[in-house]
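Single-structure report; data block below.
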Amino acid sequence: MKILGIDIGSRAVKLALFEGDTLKKSDIISTMQFYRDYSTTVDGSIRLDLKAIGYHHADKIVSTGYGRNNLQVENALIINELKAHVYGALYQTELKNFTLLDIGGQDFKVVKVENGIITDMLLNDKCAASSGRYLENMAALLEISMEELKGHFENPVALNTTCAVFGESELIGQIALGHKIPELSAGINYSLYKRIKPHILKLKSKNIVLTGGVAQNNAIIHYLKEDFHEVVVPELPQLNGAIGCGYLGVLKERKRSNA
Amino acid sequence: MKKVGLTTTIPVEVLLAAGCTPIDLNNIFVTGGKGLELIESAELDGFPRNLCAWIKGLYATAMTNEIDAVIGVTEGDCSNTKSLIEVWQSKGMRVIPFGFPQSRQREAMVKEIDHLMKTFEVSMQQVNKVMEKLYPIRQRIKYLDELTWRHNKASGFENHLWQVSCSDFNGDPATFLKDLEVQISEIEARSPFSDYEVRLGYIGVPPIIEDIYALVEANGGRIVFNEVQRAFTMAEASVHDSIYDIYLSYTYPYDLKARLVDIKKAIAERRLDGIIHYTQSFCHRGIEDILVKQQLGIPVLTIEGDLPGKADARTKLRLESFMDMLRDLKE
Ligand code: SF4
């Protein structure tokens, strides 16, 4: 049995294929390309061209997405995004008790998991300044790549506005004062972290699991490690939601064959 | 002395033997529809904001209803009650103290109940007579509990409401029984809930949040065990037990250890998939959550309530996600 997990995000679509109990194959493609090249929308549900994406072997599909992107994929089981990420973290970390921090392109979530079950959560999709998008915009303003941005954590310049739009003017002010790229980048990373930290504190546990696109940001990992006991970044943080979809499919299949 | 307010379950047999009408102030406070107003009036009288809402509700309910006296439980319930009693007394309310002896020693219990009987001027004979009347009612309540978890026909809310009402039998045991029989026949005629429902246990003090049972059912589950409410029924007592025995085997006023034994038994017998541990804001019992989570061995969702009313959006989402994952384990 081959099970395909799909996570349709705002910027990227993530695919994870399980065969039996193991992850066999995965891909990340841009959301634009996904809609343009690999799918057609029929009566409000998405028909996938699995062959074109290279996943035509899948027997079952489990999918998730956020908000308007949580569309009905034809012949798929749709699950909510929170659950998808928790199953992904359960599979990737093998932990049962942890606080999951997922920072995506447009939102962040903090989810507390106890005994393998969700018991609490704080979600934020209202504030661009607390998401990956903030980092992208600020990097663009500095005319540096995300690659370059994510490495700097020392001597952050102060960026205190809580708003993504006013944050840009504040950054320009700091540039004008003569600060260099490393401190400016660190300031951007730190200001994102500072906004999210109080939410983690509310639901903290001994293990913090960091996922989502921003999990590749070394500076954020550095700040987290300074403040929390144990910080775990799974091997494929960005694919976590898709892996969770696939893994839930595997669990359901296991139950069915045991029954 | 006619109408006697209660702050929690006490040996109600004594009051009934004396011809008094027992009134559980908690029940009136939450079902009266004026919860928030009552809390506000207690705060106007000086009760702090950061104090358990039940205490403020009890205070104001007793002050605004025609109550001739209150039984104040000084031991085994809540240390807040001790201070509450003093405020009541200062306002001219007659308060009769009663304590569940923390030693859980027989002699101490005998002393407490005898003292209560003396205050109400009733004999053991009179008390025994009431006990004979209450015994069959308690057995019918036990049956209603079985209709919940064994026959899967009664809802979690019905289970809660009828059991919690055993603290005062709504002031009139005969009418209570009549109404109960009507309810039981109605429940018996139903077809059972689905085999696939998520079965939850509810532990901790009764909820101040009114729609918890409805929300669980809206998410495809049912509460089939109400821990403290069931303890209020004294339905486990045998027909031969004396009034002292009954209140000695009552678990709620004593340590958590004894309660956990009870809860573990229910988890196995009632095939529970998960537990909702309800805690009240500013209540010392919230600390018990540490042990509850460590020792029960099944998933626990802790829900904290503060003011009377409906669950907030976050509580709803938490409950929904918790039950959703329990269902994955079950399917
Ligand atoms: S909920 Fe806690 S603090 Fe409030 S009355 Fe009950 S025991 Fe006391």
Side-chain angles (χ1 to χ4, degrees), chain A residues 3 5 60 62 64 66-67 70 77-91 96-100 102 107 109-126 199 202-203 205-206 241 244-259, chain B residues 195-196 198-204 209 212 215-216 218-221 263-264 267 272-279 281 286 288-306 311-331:
Chain A
I3 296 165
K60 280 215 163 109
V62 180
T64 191
Y66 178 73
N70 201 1
L77 170 70
I78 313 290
I79 65 170
N80 82 43
E81 209 200 7
L82 223 53
K83 199 165 92 164
H85 280 89
V86 168
Y87 277 108
L90 288 170
Y91 177 82
K96 289 264 176 225
N97 295 287
F98 55 89
T99 298
L100 174 73
D102 180 273
D107 69 333
K109 337 179 205 332
V110 183
V111 188
K112 185 153 184 167
V113 177
E114 293 171 277
N115 262 319
I117 303 274
I118 297 175
T119 57
D120 211 345
M121 73 284 289
L122 289 163
L123 310 176
N124 185 318
D125 58 358
K126 302 272 183 307
H199 301 276
K202 278 188 203 147
L203 301 185
S205 42
K206 292 212 174 89
C245 286
Y247 180 51
L248 178 61
V250 169
L251 291 179
K252 284 192 185 268
E253 211 36 60
R254 214 185 277 165
K255 277 257 144 86
R256 201 159 308 149
S257 48
N258 285 346
Chain B
D195 282 346
Y196 298 108
V198 174
R199 297 167 72 88
L200 296 181
Y202 177 99
I203 68 172
I209 301 171
I212 247 185
L215 288 171
V216 167
N219 282 301
I263 297 166
K264 282 183 188 160
I267 291 174
L272 304 183
D273 300 310
I275 292 281
I276 293 179
H277 182 206
Y278 177 80
T279 60
S281 300
E288 294 170 347
D289 197 49
I290 302 170
L291 298 173
V292 162
K293 280 194 174 141
Q294 264 170 20
Q295 300 191 7
L296 289 186
I298 65 170
V300 176
L301 179 70
T302 307
I303 292 182
E304 184 181 303
D306 182 6
D312 59 17
R314 171 140 164 257
T315 303
K316 283 186 191 165
L317 183 60
R318 290 180 59 210
L319 186 65
E320 190 187 313
S321 307
F322 180 74
M323 291 184 63
D324 191 14
M325 288 191 79
L326 287 182
R327 199 170 313 105
D328 290 337
L329 292 177
K330 205 176 162 89
E331 267 171 9

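Using a 4.0 Å cut-off between charged nitrogen and carboxylate oxygen, B:Asp328 and A:Lys255 do not count as a salt-bridge pair.
Of all the heavy atoms in A:Ile118 and B:Phe322, the pair that sits closest is O-CD1, 3.5 Å. Across every non-hydrogen atom of A:Thr119 and B:Arg318, the tightest pair is O-NE, 2.7 Å.
No option in A:Asn115, A:Leu90, A:Leu82 other than A:Leu90 meets the side chain to side chain contact (heavy atoms under 4.5 Å, CB included) test with B:Met325.
Atom OG1 in B:Thr302 sits 6.5 Å away from atom CD in A:Glu114 (nearest 0.5 Å).
Using a 4.5 Å cut-off between heavy atoms, A:Val86 touches chain B through its side chain atoms alone. For B:Leu317, the parts lying under 4.5 angstrom from a heavy atom of chain A are both the backbone and the side chain.
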